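Below is one structure; the comments refer to it alone.
Computed from a prediction, not measured in an experiment: that's the story for all the values here.
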Amino acid sequence: MRHLLSAFFGLALASGAAAATLEERSAICLDCHGKTGQSETPETPSLGGQMAPYALIQLYLFREKQRDNPIMTEMVKGFTDDDLRSFSELIARLPPPKPATDAADAARIERGKALAQQHRCNFCHNTDYSGRDNVPRIGAQREDYLAKTLLEYKSNTRHGYDSSMADVLARVSEAEIKEMAYYIARAQ
């Protein structure tokens, strides 16, 4: 794994140094996050449909090492504020991801929907889960990424802008988080 990451970082740095345009520089990002805005990489978020302000804040947090993700920190190392703005605007132009297309379990959908309403996910993330401003789009996000992120907020290993996510999730069980992630990944 260490050799794979070293090779990845080497390629990323070489690509970044040689790339002249924003599209060329973003190609390696989209390899993991999805060229069409929809990630096919496990536990890696789809970036399509994210608001530019949200993307900008996340890129800044990675650059400043305030979010713990060595790959992302390395990817944005050396980015200027203008680079971060340009990348966030590029992300905002990607089409939103499509909901999971598997044969959904209707009972799980109903449980997840009821839990998402009970915990007011639709208050901050909008009724269609499209997000707004600095609140991420979560609708049609990868189910595994949603579950991972919610569990990180719950355990306080991922920090938000304030304590609201940790406060909400403190009362939510791991099983309920999985049901909400199942539902939101299929939300249309």
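Using a distance-only test at 3.5 Å, with no hydrogens or angles considered, no donor-acceptor pair links the side chain of Lys148 to the main chain of Glu43. For the pair Asn69 (side chain) and Met72 (backbone), a donor-acceptor distance under 3.5 Å is present. A side-chain donor-acceptor contact under 3.5 Å links Lys154 to the backbone of Ala170. Judged by distance alone, the side chain of Ser26 and the main-chain N or O of Cys29 form no donor-acceptor pair under 3.5 Å. Looking at His33, its side chain never comes within 3.5 Å of a backbone N or O of Thr44 through a donor-acceptor pair. Counting only distance, with no hydrogens or angles, the side chain of Asp144 and the backbone of Pro42 share no donor-acceptor pair below 3.5 Å.
With contacts defined as side-chain heavy-atom distances shorter than 4.5 Å, the pair Ile109/Tyr182 qualifies. Between Gln66 and Thr73 there is no side-chain heavy-atom pair separated by less than 4.5 Å. Residues Gln58 and Asn134 are not in side-chain contact: their nearest non-hydrogen atoms beyond the backbone lie 4.5 Å or more apart. Using a 4.5 Å heavy-atom threshold, the side chains of Arg137 and Pro97 count as touching. Residues Thr36 and Leu94 are not in side-chain contact: their nearest non-hydrogen atoms beyond the backbone lie 4.5 Å or more apart. The shortest side-chain heavy-atom distance between Met75 and Ile28 falls under the 4.5 Å cut-off. Put simply, the side chain of Asp83 reaches to within 4.5 Å of the side chain of Arg25, judged on heavy atoms. With contacts defined as side-chain heavy-atom distances shorter than 4.5 Å, the pair Gln141/Pro45 qualifies.
Of the N and O atoms on the side chains of Ser164 and Asp162, at least one donor lies less than 3.5 Å from an acceptor on the other residue.
The side chain to side chain donor-acceptor pair (under 3.5 Å) check on Asn156 picks up His159, with sequence neighbours excluded. Here His119 pairs with nothing under the side chain to side chain donor-acceptor pair (under 3.5 Å) rule; sequence neighbours left out.
Ring orientation note: the planes of Phe87 and Phe79 are tilted relative to one another, at an angle of 30° to 60°.
Geometrically, Arg120 engages Phe123 in a cation-pi contact defined by less than 6.0 Å to the ring centre and at most 45° from the axis.
Residues Met165 and Leu115 are members of one and the same hydrophobic cluster, defined by side-chain heavy-atom contacts under 4.5 angstrom among Ile, Leu, Val, Met, Phe, Trp and Tyr.
Note on residues 86-109: pairs passing side-chain hydrogen bond (donor to acceptor under 3.5 Å, both in side chains), not counting sequence neighbours, are Asp102-Arg186, Arg108-Glu179.
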